[in-house]
Amino acid sequence: MTGEPLISVHDLSVHFPIGGAGFGQKRFVHAVDRVSIDIAPGTFFGLVGESGSGKTTLGRALLKAVPLTSGHVQYTENGIDFDLRDISKADLKEYRKRCQLIFQDPYAALSPRMTVRDIIAEPLEVMKITSSREETDERVREIAAMCRINIEHLRRFPHAFSGGQRQRISIARALVCKPRFLVADECVAALDVSIQADILNLLNSLQKDLGLTFLFISHDLSVVAHTCDHVAVMYLGQIVESAPTKKLFANTRHPYTKTLLSAIPHLDPDAEKTAIKLEGEIPSPINPPPGCKFHTRCPYARDRCKVESPEWREFDEDHFAACHFSEELSL
Ligand code: SF4
């Protein structure tokens, strides 16, 4: 990556304690384990992996919505700097204006008792960004137009809208306080395919028009391929491969990435024959396997993989992976 990252994550771990007094030794869910990534400003950074891989926790850690166990998350923009590990309450308020979340489920994310106007205006009022009702209304109308919401609809309640329209309301609410960085967590997963395309196109045009930076979380590599500039693949709390999107697809270096690529539906029957099928369930993050965490499911695993964690290595410019045998495997 050239230039300074907007978000720099270094050696970040998020572990949640489970059990407690009376349950013997304290145990931890290793939701995010020693993750390092850099997110360039003005880009779509994709984060993919199965359910339980830690994607959502990592996204929430970047919003400081969960406590960080160790490591650092640094936000840098035009001389403004926040280190989320030691951020003060006052700085956290400022940081929250710059970083917002787009929720997965547009049905659960919107209060049924509030009008669309009030839903979109809420962050402005909670964070005291506007100083009068007129100013709030003007900003709400401006962002509603950008998100292709009919101004006439601002007085209606969410139940009057389809899933795609509701997701546009969610996006407008996330954007109303002019953030620079957005975490979009599976934000099209609950929508029909045709509506997904509409929302992805909207996000793309907003990103270009407003110079936004996205962490785009998805379990679906085909959606990520369509949208993102850079992709990181997560497995059991760790990033196993990270590369610009074209490089990741053209020259996959990690067997887990290959299995996700193989899961993309294909029209070519020959592609089916070379596909790697992922067997079994993702292991528990409470007691992750030693060595390479993927060894219990990897079709290429050898004895070394069971005891030795693979190093994080750069194979090509900005293309990293963690597998002992990346050079030898023909993926
Ligand atoms: Fe598979 Fe071993 Fe590579 Fe891990 S290190 S991905 S188990 S081959």
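Heavy-atom basis, side chains included; hydrogens, waters and symmetry copies ignored. If you're wondering where the values come from, they're calculated on a predicted model, not measured in any experiment. In each ligand, atom 1 is the first atom listed, and ligand 1 is the first ligand listed.
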- Query: Roughly how far, to the nearest 0.5 Å, is the SG atom of Cys323 from the NE2 atom of His295?
  - Reply: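 Here the interatomic distance stands at 13.5 Å.
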
- Could you state the interatomic distance from OG (Ser13) to CZ (Phe28), rounded to the nearest 0.5 Å?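 The OG atom of Ser13 sits 12.0 Å away from the CZ atom of Phe28.
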
- Query: With atoms numbered from 1 as shown, which atoms in ligand 1 lie under 4.0 angstrom from a non-hydrogen atom of His254?
  - Reply: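 It comes down to these atoms of ligand 1: 6 (S).
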
- Looking at Phe320 and Phe315, what are the two nearest heavy atoms and their distance?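 Nearest heavy atoms, Phe320 then Phe315: C-CD1, 4.4 Å.
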
- Pull up every protein N/O/S atom sitting under 2.8 Å from atom 2 (Fe) of ligand 1, skipping waters.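 Atoms qualifying: Cys305 SG.
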
- Could you verify whether a donor N or O on one side chain and an acceptor N or O on the other, from His72 and Asp83, lie under 3.5 Å apart?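 The answer is yes; a qualifying pair exists.
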
- For Phe181, is the NZ or CZ atom of Arg98 found under 6.0 angstrom from the centre of its six-membered ring and inside 45 degrees of the ring axis?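 No, a cation-pi geometry is absent between Arg98 and Phe181.
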
- Task: Quick one: which residue pairs count as a side-chain hydrogen bond (donor to acceptor under 3.5 Å, both in side chains) with a foot in residues 51-62, not counting sequence neighbours?
- Result: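 Every pair satisfying side-chain hydrogen bond (donor to acceptor under 3.5 Å, both in side chains) with a residue in residues 51-62: Thr56-Asp185.
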
